[in-house]
Amino acid sequence: MTSAVAPPNRAYRRLSVEERRSQLLAAALTLFAHRAPDEVSLDEVAVVAGVSRPLVYRYFPGGRQQLYEAALRSAAEELILCFNEPPAGPPTVRVLRVLDRYLAFVDEHDTGFSALLRGGSVVETSRTTAIVDEVRRAAAEQILLHLGRGGEGPGPGPRLRMMVRTWIAAVEAASLIWLDEGKRPAASELRDWLVDQLIGMLATTAATDPEAAAAVAALLSLEDEAGPAGRLAQRLLPVVGGAAHLLPERRSAAPGASGLPGG
């Protein structure tokens, strides 16, 4: 009688505590990505991870709430990394790359992303809200760095900081609408439009805020005509030209028309 031999392709290895925890978080994120958090059970997490339900509880004794917060923290760290971009090249091109990664994350975690930002889940707490706010703050800080305001440089003033945070909120809202609309238009079109929005918001803020004006001047010095800023300028010129009648008429430069007394 021959002894039973395990199939050669099935190598069993005991996972470390950190490896097992990562495995469970990955399984939970797979479910949370396409289901609202309160619709996911620990039994489902155990099945996806290929482990027993008691093992899930061993690592997350607080149950679904603790597991969800840990998975959310993991997703938040991944999302924050989307905004990290080396400070090289035209700033608007850097933002394009940031948005490419951000929209890829939204696409991959569609239902979970919607549930997370819309709130109202039974597993939503002050801790989960704080994690989401942390992502927003980190995203704003990274965008400010690309505008030359942050890090070791001068810090942003209230108007510029508010403008960037408003743009981050607009990106979130656009992402949710994009999901509602069946991910139309294409992600690349949405990305380009969001960068245009950032440039437009910067320009209008610069019209009344000296700090924003300085940031725009520094940004434009790094841009070229083939980049997002150049392409937007070329598209806007005809639109702005149609508003010429709104500008004050220029005074004649003829002698005696200076408008000065005795001129």
Side-chain angles (χ1 to χ4, degrees), residues 21-42 44-45 47-49 56 60 62-85 94-143 146 164-198 201:
R21 188 174 187 277
S22 296
Q23 178 198 29
L24 295 175
L25 285 177
L29 281 170
T30 298
L31 293 166
F32 290 138
H34 303 294
R35 303 261 297 284
D38 43 336
E39 295 177 359
V40 175
S41 70
L42 290 186
E44 291 175 294
V45 174
V47 169
V48 172
V56 179
F60 299 97
R64 180 175 60 188
Q65 182 66 42
Q66 183 184 5
L67 178 59
Y68 174 64
E69 290 180 11
L72 178 58
R73 167 61 63 185
S74 177
E77 290 171 356
E78 182 182 345
L79 191 51
I80 288 174
L81 288 177
C82 291
F83 287 88
N84 292 343
E85 180 68 26
R94 299 178 218 161
V95 178
L96 282 179
R97 290 195 287 264
V98 165
L99 288 174
D100 275 335
R101 292 191 293 269
Y102 175 84
L103 292 174
F105 180 94
V106 173
D107 185 23
E108 181 182 354
H109 300 83
D110 46 18
T111 304
F113 182 86
S114 295
L116 169 64
L117 292 187
R118 287 195 169 103
S121 168
V122 297
V123 293
E124 182 182 10
T125 66
S126 59
R127 291 188 298 274
T128 61
T129 300
I131 292 172
V132 176
D133 286 341
E134 181 182 337
V135 174
R136 292 169 177 150
R137 289 193 299 272
E141 292 303 322
Q142 287 298 314
I143 297 301
H146 295 307
V164 170
R165 291 184 63 185
T166 300
W167 180 75
I168 295 294
V171 170
E172 282 187 9
S175 301
L176 291 172
I177 295 169
W178 183 62
L179 293 177
D180 282 345
E181 295 291 330
K183 300 179 182 177
R184 295 188 303 269
S188 59
E189 292 182 45
L190 177 59
R191 173 205 65 191
D192 291 347
W193 182 70
L194 288 171
V195 173
D196 287 349
Q197 296 296 312
L198 177 61
M201 292 176 71

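Just so you know, these numbers use all the heavy atoms, side chains as well, and skip hydrogens, waters and symmetry mates. We number each residue from 1, following the sequence as shown. Being a predicted model, the structure only gives us computed values, none of them experimental.
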Starting from the C-alpha separation in whole Å, work towards a yes-or-no answer on side chain to side chain contact (heavy atoms under 4.5 Å, CB included) for D192 and L96. CA-CA 7 Å; D192 291 347; L96 282 179; 3.5 Å; yes
Under 3.5 Å, is there a donor-acceptor pair between the side chain of Q197 and the main chain of W167? no
What I'd like to find out is whether the side chain of R136 reaches to under 4.5 Å of the side chain of E172, using heavy atoms alone. yes
Working to the nearest 0.5 angstrom, can you tell me the gap between L67 CG and L31 CG? 9.0 Å
Provide the closest heavy-atom pair for S175 versus V171 in the form atom of the first, atom of the second, distance. OG-O, 2.7 Å
Applying salt bridge (charged side-chain N to carboxylate O under 4.0 Å, His left out) to E189 and R184, what does each step give before you reach the verdict? CA-CA 9 Å; E189 292 182 45; R184 295 188 303 269; over 6 Å; no
Which heavy atom of V164 sits nearest to which heavy atom of A140, and what is that distance? CG1-O, 3.8 Å
Answer yes or no: is there a donor N or O on one side and an acceptor on the other, between the side chain of W178 and the main chain of P185, under 3.5 Å? yes
Inter-residue atom distance L79.CG - Y102.OH, 0.5 Å rounding: 6.5 Å
Taking every heavy atom of A49 against every heavy atom of Q23, the minimum-distance pair comes out as O-NE2, 3.0 Å
Please report the interatomic distance CD1(I177) to OG(S114), rounded to the nearest 0.5 Å. 11.0 Å
Are F105 and D110 close enough, and set up right, to give a side chain to side chain contact (heavy atoms under 4.5 Å, CB included), and what steps lead you there? CA-CA 8 Å; F105 180 94; D110 46 18; over 6 Å; no
K183 and L103: side chain to side chain contact (heavy atoms under 4.5 Å, CB included), yes or no, with the steps? CA-CA 10 Å; K183 300 179 182 177; L103 292 174; over 6 Å; no
To the nearest 0.5 Å, what is the distance between CD1 on I80 and CD on E78? 11.0 Å
Give a yes or no answer on whether the side chain of R101 reaches the backbone of N84 with a donor-acceptor pair at less than 3.5 Å. yes
Are L25 and F60 close enough, and set up right, to give a side chain to side chain contact (heavy atoms under 4.5 Å, CB included), and what steps lead you there? CA-CA 10 Å; L25 285 177; F60 299 97; 3.9 Å; yes
Should E44 and R35 count as an ion pair when the cut-off is N to O under 4.0 Å? yes
Hey, what do you get for CG (L99) to CG (L194), rounding to the nearest 0.5 Å? 5.5 Å
For R165, I'd like to know if atom CZ has over 12 heavy atoms of other residues, nucleotides or ligands within 6.0 Å. no
Identify the two heavy atoms, one from A174 and one from L190, that lie closest to each other, and give their separation to 0.1 Å. CB-CD1, 4.3 Å
R64 bridged to D38 by N-O distance under 4.0 Å: no
Taking all heavy atoms of I131 and all of E69, pick out the closest pair and write down the distance. CD1-O, 4.0 Å
Between CD1 on residue I168 and CD on residue Q142, distance to nearest 0.5 Å: 10.0 Å
Output yes when R73 and E134 qualify as a salt bridge under the 4.0 Å nitrogen-oxygen rule, no when they do not. yes
Would you mind checking if E85 and R97 are paired as a salt bridge, meaning a charged N to carboxylate O distance below 4.0 Å? yes
Going by heavy atoms in the side chains, are C82 and V98 under 4.5 Å from each other? no
Which atoms form the tightest heavy-atom contact between L29 and A75, and what is the distance? CD2-CB, 3.9 Å
